[in-house]
Student: 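Can you read through this structure? Questions will come right after.
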Amino acid sequence: MALAYDGAIQRLIDAFSRLPGIGPKGAQRIAFYLLSASQEEAQQLVDAITEVKDKVRFCDICGNVCEISPCPVCADPRRDHSVICVVEEPKDVMSIERTREYRGLYHVLGGAINPMANVGPADLNIPKLLDRLKTDEVQEVILALDPNIEGEATCTYLSRLLSPLGIKVTRLASGLPVGSDLEYADEITLARALTGRRAA
């Protein structure tokens with residue numbers, strides 16, 4: 001009795017199951033959906049994946065995703081250059097932008113300190129943040145990291161690292177559920193957390 005599909009379909013299921021948030025059953029559903037999709041629809045997916053791999057890169061200044069560096073946020077002269085909001089991932093930038101409450105700049109760390117996953121401070125985009133803070137322009141750094149153990153550890157590390165620089169370091173106010181991701185916070189909760197931020 002066969003425990004796996006044969007050839008190409010199993011390779012496709014295996015490829016999808018390696019993606020975050022997709023288990024074996026979800027991978028199987030997607031694979032069979034694509035099998036029954038038109039050639040045009042399947043090609044659109046292939047083209048979209050190829051295009052994102054060819055065109056999308058990380059901003060040289062903040063680490064956000066973009067097609068042209070610097071990203072639109074860093075290149076916008078209307079943004080408040082005196083405030084930098086530090087986030088874990090590029091998806092967190094979009095979560096905060098959806099609130100329409102924040103008009104400063106961003107800095108994407110590319111993760112959070114997580115000893116269990118072998119991620120330490122040296123693995124994060126911290127040196128570029130320190131370089132950005134050498135100018136007199138930045139007056140406040142907002143630590144907008146996920147309210148979980150890794151986010152808390154990273155906030156503590158950054159607070160201690162930045163305190164000697166004489167720059168105001170704040171964190172999002174309470175109201176975000178502990179253990180969650182900023183990505184899943186609704187706009188109203190996130191906007192209140194931004195406007196009611198507290199000292200780090």
Student: Can you list the other members of the hydrophobic cluster that holds Leu19, where links are side-chain heavy atoms under 4.5 angstrom apart?
Tutor: Leu12, Phe16, Ile22, Ile30, Tyr33, Leu34, Leu45, Ile49
Student: Do Met94 and Ile96 belong to the same hydrophobic cluster, where Ile, Leu, Val, Met, Phe, Trp and Tyr are linked whenever their side-chain heavy atoms lie under 4.5 Å apart, directly or via other members?
Tutor: no
Student: Determine whether Leu129 and Val86 make a side-chain contact, defined as any pair of heavy atoms from C-beta on separated by less than 4.5 Å.
Tutor: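 Yes, close enough: below the 4.5 Å cut-off.
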Student: I'd like to know if the side chain of Asn125 reaches the main chain of Val108, judged simply by a donor and an acceptor atom lying under 3.5 Å from each other, with no hydrogens or angles considered.
Tutor: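 Yes, Asn125 side chain to Val108 backbone: donor-acceptor pair under 3.5 Å.
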Student: Taking all heavy atoms of Ala31 and all of Ile13, pick out the closest pair and write down the distance.
Tutor: CB-CG1, 3.6 Å
Student: Side chains of Asp14 and Gln10: donor-acceptor distance under 3.5 Å anywhere?
Tutor: yes
Student: Check whether Leu124 and Ile61 end up in the same hydrophobic cluster, where Ile, Leu, Val, Met, Phe, Trp and Tyr are linked by side-chain heavy atoms less than 4.5 Å apart.
Tutor: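 Each belongs to a different hydrophobic cluster.
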Student: Just checking Asp131: does its CG atom have more than 12 heavy atoms from other residues, nucleotides or ligands closer to it than 6.0 angstrom?
Tutor: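 Counting other residues, nucleotides and ligands, CG of Asp131 exceeds 12 neighbours.
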Student: On a heavy-atom basis, which atom in Ala112 and which in Gly151 lie closest, and how many Å separate them?
Tutor: CB-N, 4.4 Å
Student: Look at atom NZ of Lys168 and say whether more than 12 heavy atoms of other residues, nucleotides or ligands are closer to it than 6.0 Å.
Tutor: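 Counting other residues, nucleotides and ligands, NZ of Lys168 stays at 12 neighbours or fewer.
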Student: State yes or no: do Val119 and Leu109 share one hydrophobic cluster built from I, L, V, M, F, W and Y residues joined by side-chain heavy-atom distances below 4.5 Å, directly or via other members?
Tutor: yes
Student: CG of Leu133 to CD1 of Ile84: how many Å apart, nearest 0.5 Å?
Tutor: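 Reported to 0.5 Å precision, the distance equals 5.0 Å.
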Student: Considering non-hydrogen atoms only, spot the tightest contact between Ile113 and Pro121 and give its length.
Tutor: CD1-CG, 3.8 Å
Student: Closest heavy-atom contact between Arg57 and Lys55?
Tutor: NH1-O, 3.2 Å
Student: Consider only side-chain N and O atoms of Glu152 and Asn148, and report whether a donor and an acceptor are under 3.5 Å apart.
Tutor: no
Student: Would you call Ile126 and Tyr157 a side-chain contact if the rule is heavy atoms closer than 4.5 Å?
Tutor: yes
Student: So for atom CG, which belongs to Asp6, do other residues, nucleotides or ligands contribute more than 12 heavy atoms lying within a distance under 6.0 Å?
Tutor: no
Student: For Pro164 and Leu161, which heavy atoms make the closest approach, and how far apart are they?
Tutor: CD-O, 3.4 Å
Student: Restricting to side chain to side chain contact (heavy atoms under 4.5 Å, CB included), what partner residues turn up for Ser38, sequence neighbours left out?
Tutor: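 Expected list: Glu40, Glu41.
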Student: Can a side-chain donor-acceptor contact be found between Ser82 and Glu137 if the only test is distance below 3.5 angstrom?
Tutor: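 Distance-only check fails for Glu137 and Ser82.
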Student: I need the Asn114 CG to Thr154 OG1 distance, nearest 0.5 Å.
Tutor: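 Interatomic distance, Asn114 CG to Thr154 OG1, rounded to 0.5 Å: 8.5 Å.
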Student: Is Val87 reachable from Val56 through a run of hydrophobic residues whose side-chain heavy atoms are each under 4.5 Å from the next?
Tutor: no
Student: With side chains defined as the heavy atoms from C-beta onward, is the minimum distance between Asp76 and Arg103 less than 4.5 Å?
Tutor: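 With C-beta onward as the side chain, the pair touches.
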Student: Could you go through Ser159 and Leu143, starting from their C-alpha distance and side-chain angles, then the distance that decides it, and tell me whether this counts as side-chain contact (heavy atoms from CB on, under 4.5 Å)?
Tutor: CA-CA 9 Å; Ser159 295; Leu143 302 177; 3.6 Å; yes
Student: Is any side-chain heavy atom of Leu105 closer than 4.5 Å to a side-chain heavy atom of Arg132?
Tutor: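 Leu105 vs Arg132: side chains touch.
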Student: Do the side chain of Thr99 and the main chain of Ser95 share a donor and acceptor less than 3.5 angstrom apart?
Tutor: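 Side chain of Thr99 to backbone of Ser95, a donor-acceptor pair under 3.5 Å: no, none is there.
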Student: Say you draw a straight line from CD of Glu150 to CE of Met116; how long is it, rounded to the nearest 0.5 Å?
Tutor: 9.5 Å
Student: Keeping the roles fixed (side chain from Glu88, backbone from Asp146), state whether a donor-acceptor pair exists under 3.5 Å.
Tutor: yes
Student: Ile9 versus Leu35: any side-chain heavy-atom pair under 4.5 Å?
Tutor: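 Of all side-chain heavy-atom pairs linking Leu35 with Ile9, at least one is under 4.5 Å.
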Student: Backbone N or O of Asp60 within a donor-acceptor pair of the Lys128 side chain at under 3.5 Å?
Tutor: yes
Student: Walk me through it: do Leu162 and Val141 pass the test side-chain contact (heavy atoms from CB on, under 4.5 Å)?
Tutor: CA-CA 9 Å; Leu162 302 180; Val141 172; 4.0 Å; yes
Student: Drop me the distance from Cys59's SG to Tyr106's OH, to the nearest 0.5 angstrom.
Tutor: 13.0 Å
Student: For Phe32, check ring-ring contact (aromatic ring centres under 6.0 Å, His included) against everything at least two apart and list the hits.
Tutor: Tyr5
Student: Starting from the C-alpha separation in whole Å, work towards a yes-or-no answer on salt bridge (Lys or Arg N to Asp or Glu O under 4.0 Å) for Arg171 and Glu140.
Tutor: CA-CA 10 Å; Arg171 295 181 62 179; Glu140 180 182 5; over 6 Å; no
Student: Looking at CG of Leu145 and CG of Leu158, how far apart are the two atoms once the value is rounded to the nearest 0.5 Å?
Tutor: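 Leu145 CG to Leu158 CG: 6.5 Å, rounded to 0.5 Å.
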Student: Within this structure, what is the OH-CD1 distance for the pair Tyr102 and Ile142, rounded to the nearest 0.5 Å?
Tutor: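 Rounded to the nearest 0.5 Å, the OH-CD1 separation comes to 5.0 Å.
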